[in-house]
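Heads up: the structure comes next, in structure tokens.
Every value quoted in this text rests on a predicted model; they were computed, and no experiment measured them. Atom set for the values below is all heavy atoms of this structure, side chains included, hydrogens, waters and symmetry mates excluded. Lettering follows sequence order; numbering is per chain, from 1.
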Amino acid sequence: MSNNARSMPGFGAITWLGIAFLYLPIIAVIAFSFNSGRLITVWEGFSFDWYARAFGNSDLQRAAINSMIVAVSATTAGTIIALAAALALHGGGLPRPLKNTSYALMALPLLVPEIVIAITTMAFFGAINLRLGLGNVLIAHIVFCIPFAYAPIRARIATIPKSMTEAAKDLYADEWQAFRHVTLPLLAPGIFSGALLAFITSLDDFIITYMVAPPGATTLPVEIYSKVKRGITPEINAAASMLLAVSILIVLLSYFINRKKVL
Amino acid sequence: MKRPQSGITLLIPFLLVMTVFFMAPLCIALGYSFMAAEPMGGVRPEFSLAGYQRFFYSIETDGSLTWDTRYLQIIYSSTKLAVISTFICILIGFPMAWFMATRPAKQRDFWMIVVTIPFWTNLLIRTYAWILILRRDGVINTALDKTGIVDAPLELLYTPFAIGLGLVYSYLPFMILPIYSSLERMDWRLIEAAQDLYATRLRILWHVVLPACMPGLLGGIILVFIPTVGSFLAADLLGGGKQMMLGNLIENQFDKGRNWPFGAAISVIMTAVVMVGLLLIARRGQGLKGVVG
Amino acid sequence: MKLKPSGLIAIIILIGVLAGGLFYAAQNSGPRLYVYVWDTYADNDLFKKFEKETGIKIITEIYSSNDALLAKLKSGARYDIIAPSGNYVPLLLEQNLLQPLAPESSKIGEKLVANIKEPVYDPTYKYAMPLFYGTTGLAVNTKIISEDITSWSQFFDRPHGEAPSLGVLDDTSTVMALTSISIGRKNCDGSEDTLKMLQNQLVAQKPQVKVYGSTGYFERMAAGEIGIQMAWSGDVYTARQENPDLKYVYPTEGVELWMDSLAIPANAQNPEAAAQFIAFVMDPQNLAAYSTFSGQIPTHEDALTYLPEEIRSAPEFNIPPEAHTYVSFACPADVVQAYSRIWENLLR
């Protein structure tokens with residue numbers, strides 16, 4: 001009887017259709033990257049050729065390396081800054097206005113439309129004549145990596161009872177020792193999660209990188225975009241599939257890490 | 001108990017980065033919107049309202065201003081498309097969130113993962129994939145052709161339909177997850193109680209469920225509407241150049257359009273509207289809190 | 001001391017960053033040339049040959065409209081080689097965006113084909129070295145469009161009820177020039193009357209247009225998405241290799257004659273390498289190879305002799321003597337603005 005209202009007619013069907021809808025494009029790209037023929041409509045056989053071509057393509061190589069460098073660096077910097085901010089804000093000793101401003105600053109990159117962030121950053125870099133090549137892209141990425149890393153860390157901090165650090169203090173641990181041996185290990189899953197989220201976001205970013213990147217500093221999504229505009233080839237699908245695979249693996253990794261509870 | 005001293009030190013890198021590399025650009029854009037445009041791109045450091053005027057007026061050959069609704073129309077059609085897409089996201093997303101929330105607890109993790117994965121994969125790739133699906137010799141047309149349902153290929157790509165589809169597709173998970181999260185926290189006994197009082201499913205949905213998952217619903221609407229209204233990729237890749245959304249209009253000013261102050265002005269107005277909207281929603285309820293922080 | 005997972009991860013990250021740094025350094029060391037050209041001019045094989053001969057690495061970026069090129073240069077991006085169209089060179093010169101080519105360029109200039117020799121805007125080839133030329137006409141997909149297309153009026157006036165299948169480039173100056181031809185007016189005629197006629201012609205056509213765009217347009221043609229496409233001759237040749245149903249047409253009212261040149265931006269990081277690149281590309285054999293790749297007509301007389309027969313006899317390569325060709329040139333600033341306004345009105 002209690003099951004009755006839980007099952008709404010048709011919702012199950014909608015859900016399955018919805019899932020199919022969500023995965024159709026992903027499957028399409030991956031499927032067509034294995035088609036040995038060039039045309040989309042004619043399936044000519046399974047082949048890894050296009051993956052080989054994608055690997056050999058120097059534009060894609062360079063873009064992939066740039067993507068990796070930026071993603072790793074931006075994630076590292078962003079996660080550290082986010083961790084510091086989370087500790088500071090949760091610590092409780094800060095004045096309310098400062099806290100509220102910080103929360104607002106933390107949320108803004110997620111709320112301001114991405115295209116606006118993209119062009120304002122580009123205009124700003126132009127105005128101050130910032131010429132760091134890939135560094136320009138890196139700085140722009142750090143800015144949005146911080147909020148993404150912050151959210152899981154914040155959520156995790158909230159689950160750590162204050163009694164933990166107090167217990168450590170009772171055992172004569174100083175600030176740094178309490179942090180290193182108690183807080184940090186407990187926070188670890190949250191930090192990891194945050195880092196992974198920041199990493200994916202940086203890896204997948206398009207519009208901000210597109211507007212901000214100086215010549216030669218393209219990342220993989222931007223390179224794929226300019227190739228897509230010229231016409232979709234199975235080679236592009238191969239490169240895209242690899243990028244998809246990386247993202248999916250990281251999501252799964254993040255999920256499994258997160259399952260560890262505090263106690 | 002951490003001393004405020006060390007707290008502030010920890011906060012400084014964050015404040016520094018955000019102020020210099022996020023707030024400063026926004027302020028520069030604000031400034032640019034009030035400057036004059038260099039004909040070939042860039043700005044001239046002189047005050048001018050031309051950026052904002054362009055929204056409403058066009059400058060005739062003799063220099064006079066005439067009322068011009070071109071851009072207002074773009075704003076209107078962008079917003080309309082965003083509203084429709086958000087609405088469709090609710091129509092599809094709510095049943096999905098409900099279904100997920102009514103699965104046994106052990107299964108829910110599986111559903112979360114399944115819905116979350118597309119959410120985190122590259123938006124550009126997922127958008128261009130629709131070209132593969134919708135075009136004349138794409139997946140849909142080939143399937144229809146092989147099964148003989150239609151005898152001429154359907155023109156699906158480069159239409160407003162394609163853009164809308166792209167938008168709904170891109171942001172659907174943003175609607176599902178907040179609603180799901182709200183439904184999970186809902187007290188299901190209320191539903192049983194309503195059932196005991198012989199309420200129909202429809203009434204239960206309207207009077208019990210809807211108020212309970214309002215924060216999630218609002219969160220979902222915010223998370224879908226904002227990116228949709230400023231979206232660039234969907235219209236750029238799937239629209240065939242025939243329909244400009246606000247995101248494309250802004251990008252164009254910094255690209256071929258070569259009118260930075262105008263682009264800055266649009267950005268300022270769009271951001272302002274979004275911020276005001278969010279403030280109103282935040283005032284009204286806990287909607288915002290469930291989303292960030 | 002046991003190696004904790006966090007320690008392991010830290011080490012992995014460190015190794016990753018170091019490796020990344022090394023890769024980055026390797027990539028970015030040595031002489032480099034930043035080439036910013038039309039998407040159809042990104043001939044990787046030719047560029048690899050240049051890299052082998054000179055040891056200078058080429059990094060290519062592409063654009064598909066002169067407006068985009070102009071905007072990018074104006075925003076301060078630093079490239080070493082660009083390939084502007086003739087009618088944009090005066091604009092670039094005006095804005096001081098170009099630097100002089102090497103003095104030897106004038107010698108190459110002597111060997112250029114007659115009908116594009118000594119361009120008005122730069123007769124001594126001081127700033128721009130003509131690379132390719134061609135016409136802008138119509139590409140027809142004979143499978144979709146069964147009638148014989150011979151006139152611009154058939155492009156602008158499709159029968160009512162026909163599904164939209166037209167493709168229009170989004171290069172404002174090109175479109176305006178051709179629309180002017182189609183209504184029998186001179187290009188850059190800024191009179192109130194002509195402007196209105198141009199706008200009406202384009203707006204009336206809009207419901208029948210499937211795509212406004214220059215990027216990837218010939219891929220769309222080849223894929224059979226477009227029935228009649230306003231097209232640059234060389235691209236039609238390239239598309240035709242993939243889709244034999246395509247046909248290039250010189251409408252009777254006339255076609256635009258355009259020319260693209262190589263130039264060195266004023267803020268180039270490596271102008272010496274750029275000069276080497278130009279000398280390399282203008283070598284007749286290299287130019288012929290480049291021409292075969294891009295489908296465009298080479299400007300150098302000797303290069304013509306190295307072209308394979310099927311290209312030399314292709315319709316895109318041979319302008320029929322009876323075709324009216326209108327050389328594209330830059331319009332005065334106020335007309336350009338008027339054209340921009342019409343274009344914006346169109347793409348609401």
If I measure from the heavy atoms of chain B, does [X] come under 4.5 Å with its side chain, its backbone, both, or neither?
X        : result
A:Leu105 : both
A:Ala151 : neither
A:Ile207 : side chain
A:Val112 : both
A:Ile80  : neither
A:Phe125 : side chain
A:Thr201 : side chain

Which value, rounded to the nearest 0.5 Å, describes the distance between [X] atom [atom1] and [Y] atom [atom2]?
X        : Y        : atom1 : atom2 : answer
A:Leu98  : B:Ile8   : CG    : CD1   : 6.0 Å
A:Leu252 : B:Trp120 : CG    : CH2   : 13.5 Å
A:Glu223 : B:Leu124 : CD    : CG    : 11.5 Å
B:Asn122 : A:Leu220 : CG    : CG    : 8.0 Å
B:Phe14  : A:Leu89  : CZ    : CG    : 7.0 Å
B:Leu10  : A:Ile81  : CG    : CD1   : 12.0 Å

Under a 4.5 Å cut-off applied to non-hydrogen side-chain atoms, are [X] and [Y] in contact?
X        : Y        : answer
A:Phe32  : B:Val139 : yes
A:Ile26  : B:Ile125 : no
A:Phe206 : B:Thr127 : no
B:Val274 : A:Val116 : no
A:Met122 : B:Pro25  : no

For this session: Go through the steps for A:Ile115 and B:Asn248 under the test side chain to side chain contact (heavy atoms under 4.5 Å, CB included), then give the verdict.
Result: CA-CA 9 Å; A:Ile115 177 79; B:Asn248 309 94; over 6 Å; no
Checking [X] against chain A: side chain, backbone, both or neither under 4.5 Å from a heavy atom?
X        : result
B:Tyr169 : both
B:Ile266 : neither
B:Leu26  : both
B:Pro227 : neither
B:Met100 : neither
B:Leu123 : neither
B:Phe21  : both
B:Met275 : side chain

For chain B, which candidate among [options] shows the most heavy-atom pairs at distances under 4.5 Å?
options                               : value
A:Thr121, A:Leu197, A:Asp205          : A:Leu197
A:Pro113, A:Ala240, A:Ala86           : A:Ala240
A:Ile236, A:Ile128, A:Leu83, A:Ile142 : A:Ile236

Seminar exercise, completed: Sequence neighbours excluded, the answer for side chain to side chain donor-acceptor pair (under 3.5 Å) partners of B:Asp236 is A:Tyr225, A:Lys229
Distance-only check: which donor-acceptor pairs under 3.5 Å involve side-chain atoms of residues 9-25 of chain A, not counting sequence neighbours?
{"unit_1": "A:Thr15", "atom_1": "OG1", "unit_2": "A:Phe11", "atom_2": "O", "d": "2.7"}
{"unit_1": "A:Tyr23", "atom_1": "OH", "unit_2": "B:Val114", "atom_2": "O", "d": "2.5"}

Residue selection (most heavy-atom pairs with chain A, distance under 4.5 Å) from [options]:
options                               : value
B:Val229, B:Ile113, B:Asn141          : B:Ile113
B:Phe254, B:Tyr128, B:Phe119          : B:Tyr128
B:Val209, B:Val268, B:Leu233          : B:Leu233
B:Pro118, B:Pro13, B:Gly230, B:Pro173 : B:Pro118

For this session: Quick one: closest heavy-atom pair of B:Ile226 and A:Leu111, and the distance?
Result: CG2-O, 3.4 Å
Exercise. Can B:Ile28 and A:Thr120 be said to form a side chain to side chain contact (heavy atoms under 4.5 Å, CB included), step by step?
Worked result: CA-CA 7 Å; B:Ile28 294 241; A:Thr120 53; over 6 Å; no
For this session: Test side chain to side chain contact (heavy atoms under 4.5 Å, CB included) on B:Phe22 and A:Leu108 and set out the steps.
Result: CA-CA 9 Å; B:Phe22 185 73; A:Leu108 272 182; 3.5 Å; yes
For this session: Please assess B:Glu251 against A:Ile119 for the test side chain to side chain contact (heavy atoms under 4.5 Å, CB included), listing each intermediate value before the final yes or no.
Result: CA-CA 7 Å; B:Glu251 193 270 342; A:Ile119 55 120; 5.8 Å; no
